[in-house]
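Values below: every heavy atom of this structure, side chains too, minus hydrogens, waters and symmetry copies. Just so it is clear: chains get the letters A, B, ... in the order the sequence lines come, proteins before strands, and each one is counted from 1. Quick caveat, the model's predicted, so the values are computed rather than measured.
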Amino acid sequence: MHYKHRIAQRAAREIRPGQNINLGIGIPTLIMDYLPEGQQVFVHSENGIWGMGRRAAPGCEQPDLIDAGAAYTTCVAGAACFDTLTSFAIIRGGRIDLTFLGALEVGQNGDLANWIIPGKMTPGIGGGMELAQKSRRVVVLTTHVNKSGAPKILKTCSLPLTAPACVGLIITDLAVIEVTGEGLRLRELAAGVPVDEVVAKTEAQLLVPAGQLPTF
Amino acid sequence: MHYKHRIAQRAAREIRPGQNINLGIGIPTLIMDYLPEGQQVFVHSENGIWGMGRRAAPGCEQPDLIDAGAAYTTCVAGAACFDTLTSFAIIRGGRIDLTFLGALEVGQNGDLANWIIPGKMTPGIGGGMELAQKSRRVVVLTTHVNKSGAPKILKTCSLPLTAPACVGLIITDLAVIEVTGEGLRLRELAAGVPVDEVVAKTEAQLLVPAGQLPTF
Amino acid sequence: MTMSKLQTAAEACRPIRDGATLLVGGFGQPGTPHTLLGQVLAQGTGELTLVKNDANEPGLGISRLIEAGRVCRLIASHVGLNPLAVAMSHAGRLQIEVYPQGILAEKIRAGGVGLGGILTDIGLHLENPAASRLVEVGGIQYKIEPALRGDIALIHAERADTMGNLVFTGTASNFNPAMAMAADLVIVEAAEIVAAGALDPDQVHLPGAFVDRVVLIESTGSDYGVLKHHALQA
Amino acid sequence: MTMSKLQTAAEACRPIRDGATLLVGGFGQPGTPHTLLGQVLAQGTGELTLVKNDANEPGLGISRLIEAGRVCRLIASHVGLNPLAVAMSHAGRLQIEVYPQGILAEKIRAGGVGLGGILTDIGLHLENPAASRLVEVGGIQYKIEPALRGDIALIHAERADTMGNLVFTGTASNFNPAMAMAADLVIVEAAEIVAAGALDPDQVHLPGAFVDRVVLIESTGSDYGVLKHHALQA
């Protein structure tokens, strides 16, 4: 299984029945394939759907039904479609229980940076800032290090923040890490990954519990 | 014809085809009976109708369709029903071309006072303040004097204002008076009413044009 | 497992405690959640702050709670059709606070959509510049109106599905959509409740994401009928 | 005499002058008023300020106006799907100003509903307290976001009646309702136009009170179709 799918599969286990969830661009969209069967979850898409279903099957696309990443999508039974004002009323009003987002950097206090890369023109934040700041819980899905091999989980973010102290859980290709009042706590390891590797590839201080850690 | 109906009939002549209009409580509601036949006018009711029709015929009332004064009403073809937010978006957004309101006092600069009677508990302004302040044109329909015989058209209002300098035209049981940059200009007389009587019953200065005035 | 937000009125209203702030839909009779208000009356809850456009009329809607002495404070836009509420206010037994109707709706909406407040020029001429919070934007003076939220919203809809998606009708919409966004717990009564999927997603007025509990109106008796004194005589 | 707001695209768009600020509906393709934008392109209007959620994609929607050099300034929330617009911005040939998506929508709504602005805590951590206009409400810091209006709104609807009442569909609603409230002249294109009375008053998404002109979409060609690169491969 590709690491992105393994992250998505692990992430899906964070979802509780009846929750309103939002899936950011990138790895988070893969969660759609791992939603618990027969359990009602309401997927919100910020361009105007509550109750979004899977991507439209080839030939069944409706031109006026896309997800926030522009892919053709579907509605489940009980869905509602609405405008941008209503969609962000749901977000800023605190009605999103759980949001999955990608990251460029995560600070050990839960700071999230995922929108400006220095030296590049930012394409804009879209709905990400409101989702990060106002969702009841934010779970970050990311590779543990960036393309140059540098850690993404840092003592302090160097990039402009999307939102401060918003991240509750970090799921990477190597580990599951919880953001706690005491700092970052290592919770689970990807199958076959030693604790030492995770510690070495994490710039921030990691609290490592004694004993065997669960794997995913 | 009762003076209230004569005021309403004269008021209806201020309406232009295609206008969005709002009819306040009291005499203004009588205008509904004098709307020009076969001419499209959109009557807005602030509790959530654009395209309101006449009052519901006996036995034809729909419990969920009332006007802003709680009377059962109807919709014309092409009507829309909506919530309070949308209704006042129409008002404050400047989409009401013409509003007819009652008055306790009108100042010679167009100030309107129609909501607080001293010594009485005010029941609240409802939608009147927003209508007075934001409609493109406000026409006041009122008796020329109050129940004690005192003038209602004053140099300066003594009551708390609904909105300052908002009135464009005043139609009373005695006269039609325009609010202009130079002051109040007498435009028309009720049939059989001499100019002297209007001047005597108006505390504010009246500009009286030379020659015969039209009657209504 | 199929999720449903359907509950009885008694179950749904159980979390309403003495001292709560309730947002109550309705402009006059249409849109007033009579069934839910009846439950609040029956369960004895008191010391309430109510936010409603008006005070209904004596013997109807929130006036029953006011008459029973359960309400300390009412935030409204116009209470002219309820002389009883006005009299209680005069007697110091009910505190009434009024706002221009559309501004009251916007304050509630701001609370619902996660804003701190709005800037408005309505009624600015009545403000005491020394006491008010005024700001200038683009050369124009505005007043800061803070957002307003409630603990619980009591909402009336024409139709709901089991997911809490709502459809309103006629002039019964009024404050209901704004209030259904602006409370920690949102309880809806509906004249009809349908299965998930029975409503066209395009024709939902308020998505179920805002709604926590849905109650079926069991008796659509006189509370929901035509009030003869507001009808034309035959 | 029966009133109608129906016009041809050429008639409806004639008042659009060089230098105008246009509010343009759409999130990606859905809800983008291609017919009206085509008319603006054809009539040669330039020096435009556009307000749109995104910049569409190269060769589509507002990107055609941008590519033709007709746009000096774009106010948006995300232009990531249009590398061409990003490149023009780098080259100093297009000024791009971005806001968080929901805040952009609220700024426009505030302009439409006659408010001076809103108070928001979104992105407050990026503000320079010395430079920003911050106010405290209920012990929380908020930033003042001024209202935003346009000269003309270009709106896409699924269905309209001759009075200008509008119905939207799917994710094609997006910024259209907010923008249709916030311009001095509101021009709507619709895939279907029906007689007054054909729409259920309860099922109108935006009342015709806001709408000045309605244009029938005559060619629903590739602009309104499925973009193959966003579809799953068979």
Quiz prompt | Contact winner vs chain A - D:Ala178, D:Gly80, D:Ser89, D:Ala231, heavy-atom pairs under 4.5 Å | solution = D:Ala231
Quiz prompt | Criterion side-chain contact (heavy atoms from CB on, under 4.5 Å) against A:Val139, the qualifying member of A:Ile171, A:Val167, A:Ile170 | solution = A:Ile171
Practice problem: For the pair D:His125 (side chain) and A:Pro164 (backbone), establish whether a donor and an acceptor sit closer than 3.5 Å, ignoring hydrogens and angles. | Solution: no
Quiz item: Considering only heavy atoms, which portion of D:Ile103 lies under 4.5 Å from any heavy atom of chain A: side chain, backbone, both, or neither?
Solution: both
Self-check item: Which of D:Ala105, D:Gly31, D:Pro100 touches chain A most, by non-hydrogen pairs under 4.5 Å
Solution: D:Pro100
Quiz item: Only one of D:Phe27, D:Phe175, D:Tyr224 forms a ring pair (Phe, Tyr, Trp, His ring centres under 6.0 Å) with D:His156, so which one is it?
Solution: D:Tyr224
Quiz item: Is it the side chain or the backbone of A:Ser87 that comes within 4.5 Å of chain D heavy atoms, both, or neither?
Solution: neither
Exercise. Applying side-chain contact (heavy atoms from CB on, under 4.5 Å), run through A:Leu101 and A:Asn114 and close with a yes or a no.
Key: CA-CA 8 Å; A:Leu101 290 170; A:Asn114 74 351; 4.2 Å; yes
Practice problem: Among the options A:Ile49, A:Thr73, A:Leu65, pick out the one with the most heavy-atom pairs lying under 4.5 Å from chain D. | Solution: A:Leu65
Practice problem: Applying side-chain contact (heavy atoms from CB on, under 4.5 Å), run through D:Ile122 and A:Lys134 and close with a yes or a no. | Solution: CA-CA 9 Å; D:Ile122 297 297; A:Lys134 295 292 188 178; 3.9 Å; yes
Quiz item: Checking heavy atoms, do the side chain of D:Ile108, its backbone, both or neither come under 4.5 Å from chain A?
Solution: neither
Self-check item: Point-to-point distance, once rounded to the nearest 0.5 Å, from CG of D:Leu126 to CH2 of A:Trp115
Solution: 5.5 Å
Practice problem: Let me know if A:Gln133 has heavy atoms under 4.5 Å from chain D in its side chain, its backbone, both or neither. | Solution: side chain
Self-check item: Over 12 foreign heavy atoms within 6.0 Å of CD, D:Glu97
Solution: yes
Quiz item: Side chain, backbone, both or neither: which part of D:Phe168 has a non-hydrogen atom closer than 4.5 Å to chain A?
Solution: neither
Quiz prompt | Engaged part of A:Ala70 at the chain D interface, taking heavy atoms whose separation is under 4.5 Å | solution = both
Quiz prompt | Between A:Tyr72, A:Phe88, A:Phe82, the one whose heavy-atom pairs under 4.5 Å with chain D are most numerous | solution = A:Tyr72
Quiz item: Just checking, is any N or O donor in the side chain of D:Glu57 or D:His230 under 3.5 Å from an acceptor N or O on the other one?
Solution: yes
Quiz prompt | Leading residue by heavy atom contact count with chain D [cutoff under 4.5 Å; candidates A:Ala68, A:Ala71, A:Pro63, A:Cys81] | solution = A:Pro63
Quiz prompt | D:Asp121, part contacting chain A, at a heavy-atom distance under 4.5 Å | solution = both
Quiz item: Highest number of heavy-atom pairs under 4.5 Å with chain A: which of D:Ala172, D:Pro83, D:Gly170, D:Ala234?
Solution: D:Gly170
Quiz item: Are any of the side-chain nitrogens in A:Asp173 or A:Lys201 under 4.0 Å away from the carboxylate oxygens of its partner?
Solution: no
Quiz item: Which of the residues D:Val79, D:Val98, D:Thr169 is involved in the greatest number of heavy-atom pairs with chain A at under 4.5 angstrom?
Solution: D:Val79
